[in-house]
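Just so we're on the same page: letters track the sequence lines, and every chain starts at 1. Worth knowing before you read on, the calculation uses all heavy atoms, side chains too, and leaves out hydrogens, waters and symmetry mates.
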2 protein chains.
Amino acid sequence: MEKRSQYHHGNLGQALIEAAVALIAQHGVAGFSLREAAAHVGVSPSAAYRHFSSKEDLLNAVAMDGFQRLALQMEHATAEARSLNPESPALAAFQALGLAYVTFAVNNPLHFQVMFGMPLQAEPRTEETSPYQLLQAALDDLVAEKVLAVEDRTGAELYTWSVVHGLAGLLTGGAICLSDGGITEIFNSLVPRILAGLCSAGNTILRGSAPPFVVETHLAEGCQSLKS
Amino acid sequence: MEKRSQYHHGNLGQALIEAAVALIAQHGVAGFSLREAAAHVGVSPSAAYRHFSSKEDLLNAVAMDGFQRLALQMEHATAEARSLNPESPALAAFQALGLAYVTFAVNNPLHFQVMFGMPLQAEPRTEETSPYQLLQAALDDLVAEKVLAVEDRTGAELYTWSVVHGLAGLLTGGAICLSDGGITEIFNSLVPRILAGLCSAGNTILRGSAPPFVVETHLAEGCQSLKS
DNA sequence: AAAAAATGTCAACATTGCTCACATGGAAAA
DNA sequence: TTTTCCATGTGAGCAATGTTGACATTTTTT
């Protein structure tokens with residue numbers, strides 16, 4: 001499919017990753033073949049093994065590429081939300097972060113599945129900013145902006161990531177599909193609950209130290225976004 | 001591996017499913033082959049095609065089997081929690097439901113991935129009780145017990161399912177791994193936030209009783225959403 | 001310029017999903 | 001009971017796939 005006058009391709013590794021991303025988006029992960037990717041780039045099947053030790057290795061690289069793209073989109077979304085909402089940039093950025101996450105998942109469901117399909121052994125990932133780091137920063141900013149209390153900060157990553165990742169997983173897995181409204185509406189409808197759960201760890205008093213916990217105070221004081 | 005004196009197996013379909021479950025638990029979904037499953041049962045590869053139209057069809061059946069097991073474990077867990085906590089059975093059952101969900105995922109991570117890996121076209125699923133139906137019932141009981149307000153009932157499924165499924169997905173996908181404490185501790189640490197989010201107003205409705213569910217959204221008044 | 005390393009090709013192997021024609025055996029029909 | 005029929009099994013075989021090894025070509029190093 002690609003024109004290649006020279007014997008050497010130039011940057012076959014990246015080209016194979018991109019071809020794999022495109023093919024997976026079409027035929028799914030199960031229907032993806034290394035040979036097809038090689039043919040798509042216009043190269044012999046065995047050439048791929050000069051850049052990836054196995055098909056699994058290539059899929060690993062595809063996943064890493066996905067994480068990069070996701071982090072990029074999240075960064076862009078938060079930056080935009082920040083500039084558009086000067087009165088509470090941290091809160092806007094936080095919501096934009098989650099929306100960007102599920103939006104990426106819905107727009108690239110198969111790529112998303114490769115990313116979270118199996119435990120990939122990633123390199124130390126030194127310079128790259130990961131989605132998880134972005135989430136941490138957003139939560140820290142929420143604390144700095146006093147939207148989130150310090151005592152609610154503990155475990156906020158796990159909770160937030162779980163909700164957003166769960167919604168993304170249900171949408172990409174086909175357990176749920178969106179009808180009329182887009183992802184934005186669905187996500188926004190969840191935002192109040194997410195924020196309530198986020199701000200409530202310290203303010204929610206639970207009776208009992210083992211399940212079942214009993215809630216005594218429902219809504220947190222400091223969660224400003226719940227008051228119209 | 002199975003003893004088979006007769007020419008006919010008797011119940012090859014179910015045997016293949018069970019073999020597939022066992023093999024997938026070992027080598028993963030990607031490394032699973034229909035031929036190996038057939039050989040494991042002691043049958044010719046082509047025999048499988050008398051019971052499943054394709055490998056994908058078999059995996060579909062494996063997923064359905066997983067949903068059955070999951071629903072069973074969830075039912076058992078809620079029943080036990082109910083009997084152990086007579087003062088607030090609905091709340092205890094609700095928490096046990098979520099814990100059973102993530103516990104199943106952690107104990108059978110690869111099976112869980114097959115279940116939610118790709119959109120499976122399920123039969124009407126008439127008599128079987130699905131995990132989703134159990135969740136609905138648990139939420140209804142919370143309303144009946146007045147732990148959950150009626151106005152908070154709307155969209156409670158989507159939120160709850162998202163959190164729990166997200167945690168399960170992160171754990172099975174290898175994005176998160178549990179260190180010292182077991183799943184129970186991690187899940188319990190999330191319960192306060194989940195309950196707080198649950199008891200805040202939502203506005204999303206899930207339509208349908210079998211996947212794929214259809215999401216209808218109604219934007220709330222107080223929902224501070226993003227300006228875009 | 002020559003040697004070495006990197007990167008490509010080609011041929012081949014075992015395995016896989018799947019289909020075909022045929023064999024078998026239990027259940028219904030005679 | 002005997003015969004027929006159909007669900008269920010076997011075996012050979014095809015195209016495609018992941019992977020490897022020997023060889024070719026280009027680039028880089030010496």
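- Taking B/Phe52 as the reference, B/Leu16, B/Ile17, B/Asp57, B/Leu58, B/Ala61 meet the side chain to side chain contact (heavy atoms under 4.5 Å, CB included) condition, with sequence neighbours excluded.
- Residues forming a salt bridge (Lys or Arg N to Asp or Glu O under 4.0 Å) with A/Glu157 (at least two apart in sequence, or on another chain): A/Arg153.
- In this structure, CG of A/Leu12 is placed 15 Å from C1' of D/dT25, rounded to the nearest angstrom.
- Contacts of B/Arg82 classified as salt bridge (Lys or Arg N to Asp or Glu O under 4.0 Å), with partners at least two apart in sequence or in another chain: B/Asp141.
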Under 3.5 Å, which donor-acceptor pairs do the side chains of residues 111-120 of chain B form with other protein atoms, sequence neighbours left out?
residue, atom, partner, partner atom, Å
B/His111, NE2, B/Val62, O, 2.9
B/His111, NE2, B/Gly66, N, 3.4
B/Gln113, NE2, A/Gly117, O, 2.4
B/Gln113, NE2, B/Thr172, O, 3.4

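- Taking A/Glu36 as the reference, A/Leu23, A/His27, A/Ser33 meet the side chain to side chain contact (heavy atoms under 4.5 Å, CB included) condition, with sequence neighbours excluded.
- The nearest whole Å value for the distance from the CG atom in B/Asn11 to the P atom in D/dT8 is 10 Å.
- Summarising the geometry, the separation between NE2 on A/His51 and P on D/dT20 is reported as 16 Å, rounded to the nearest angstrom.
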Checklist entry - Can you give one letter per nucleotide of nucleotides 16-22 of chain C, 5' to 3': B if a protein heavy atom sits under 4.0 Å from the base, S if only from the sugar-phosphate, - if neither? => result BBBB-BB

